[in-house]
Amino acid sequence: GAVVSQHPSWVICKSGTSVKIECRSLDFQATTMFWYRQFPKQSLMLMATSNEGSKATYEQGVEKDKFLINHASLTLSTLTVTSAHPEDSSFYICSARLAGVFNSYNEQFFGPGTRLTVL
Amino acid sequence: AQKVTQAQTEISVVEKEDVTLDCVYETRDTTYYLFWYKQPPSGELVFLIRRNSFDEQNEISGRYSWNFQKSTSSFNFTITASQVVDSAVYFCALSARGGFQKLVFGTGTRLLVSP
């Protein structure tokens with residue numbers, strides 16, 4: 001159980017275009033989803049926290065107008081990189097936190113990641 | 001503030017050697033959670049273990065073992081008789097109420113196991 005999927009697994013796009021990445025919790029409901037970015041040979045950096053039905057909370061230094069997050073249901077969150085540029089090329093990973101009191105460890109379940117390359 | 005330090009950037013060992021990956025954390029919370037993840041070249045994070053701050057028992061799972069010591073704020077990870085398939089980046093992470101329960105990752109330790 002507790003499987004999270006991401007789509008697409010990789011994408012190559014031209015500079016200036018927008019790219020949407022989907023994150024789905026397949027077998028559980030997630031009131032909270034997280035989006036991380038990982039540059040080569042670096043750690044995961046939290047970009048934003050997404051709560052179902054409300055606006056995402058962005059970390060300091062992350063442009064909310066550039067990285068649009070929508071968490072429309074308890075199983076789906078999307079990240080749209082608008083007007084992508086080469087410096088946005090990175091590995092984007094989402095995670096989902098199990099809703100309810102059973103998740104006593106605050107555990108997050110991670111998707112497999114999406115590799116974005118902007119030419 | 002929450003912080004996780006993995007001082008070892010890269011470790012190289014020969015197969016069958018034992019290796020310990022260090023993790024030191026900082027938090028003011030009395031209730032917190034610690035995790036270890038493995039990230040192979042494919043990029044997908046693989047969950048290895050979780051611990052809450054009230055459970056200081058060490059754990060062994062096959063060739064893996066973890067040593068949690070609150071007195072030194074450390075949560076070290078040992079691989080016994082390492083194998084080539086253990087080559088990956090390993091991340092230690094912390095989640096605490098004071099950090100709004102977000103996961104804070106260490107910088108990771110790259111383990112290279114050669115045959």
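Predicted, not measured: the structure shown is a model, and the values here were computed from it. Letters go in sequence order (proteins before strands), and every chain restarts at 1.
Enclosure of atom NE2 in A:H85 by more than 12 non-hydrogen atoms of other residues, nucleotides or ligands within 6.0 angstrom is indicated. Surrounding CZ of B:R63 are more than 12 heavy atoms belonging to other residues, nucleotides or ligands, all under 6.0 Å away. Within 6.0 Å of the NZ atom in B:K3, the count of heavy atoms belonging to other residues, nucleotides or ligands does not exceed 12. Within a 6.0 Å radius of CD in A:E87, more than 12 heavy atoms belonging to other residues, nucleotides or ligands are found.
Proximity of a side-chain donor or acceptor of A:S43 to a complementary backbone N or O of B:G108 within less than 3.5 Å is not detected.
When heavy atoms are compared at a cutoff of 4.5 Å, B:Q39 approaches chain A solely by way of its side chain, counted from C-beta outward. Proximity to chain A is absent for every atom of B:Y32, based on heavy atoms less than 4.5 angstrom apart. Of the atoms belonging to B:F105, heavy atoms from both backbone and side chain fall under 4.5 Å from chain A. Heavy atoms closer than 4.5 Å to chain B are found in both the backbone and the side chain of A:L44. If you measure heavy-atom distances from A:Q38 to chain B, the contacts under 4.5 Å come from the side chain alone.
Clustering ILVMFWY residues whenever any of their side-chain heavy atoms sit less than 4.5 angstrom apart, transitively, puts B:L21 in a cluster other than the one holding B:V89. Neither B:F35 nor B:V24 shares a network with the other; the hydrophobic side chains, linked directly or stepwise wherever heavy atoms of I, L, V, M, F, W or Y lie under 4.5 Å apart, form separate groups for each. In the hydrophobic cluster analysis, where Ile, Leu, Val, Met, Phe, Trp and Tyr join through side-chain heavy atoms closer than 4.5 angstrom, A:I93 is grouped together with B:Y37.
The shortest non-hydrogen separation linking A:G111 to B:E44 is O-CG, 4.4 Å. The minimum heavy-atom distance linking B:K102 with A:L46 is given by the pair CD-CD2, 3.5 Å.
The side-chain heavy atoms of A:F110 and B:L103, taken from C-beta on, include a pair separated by under 4.5 Å.
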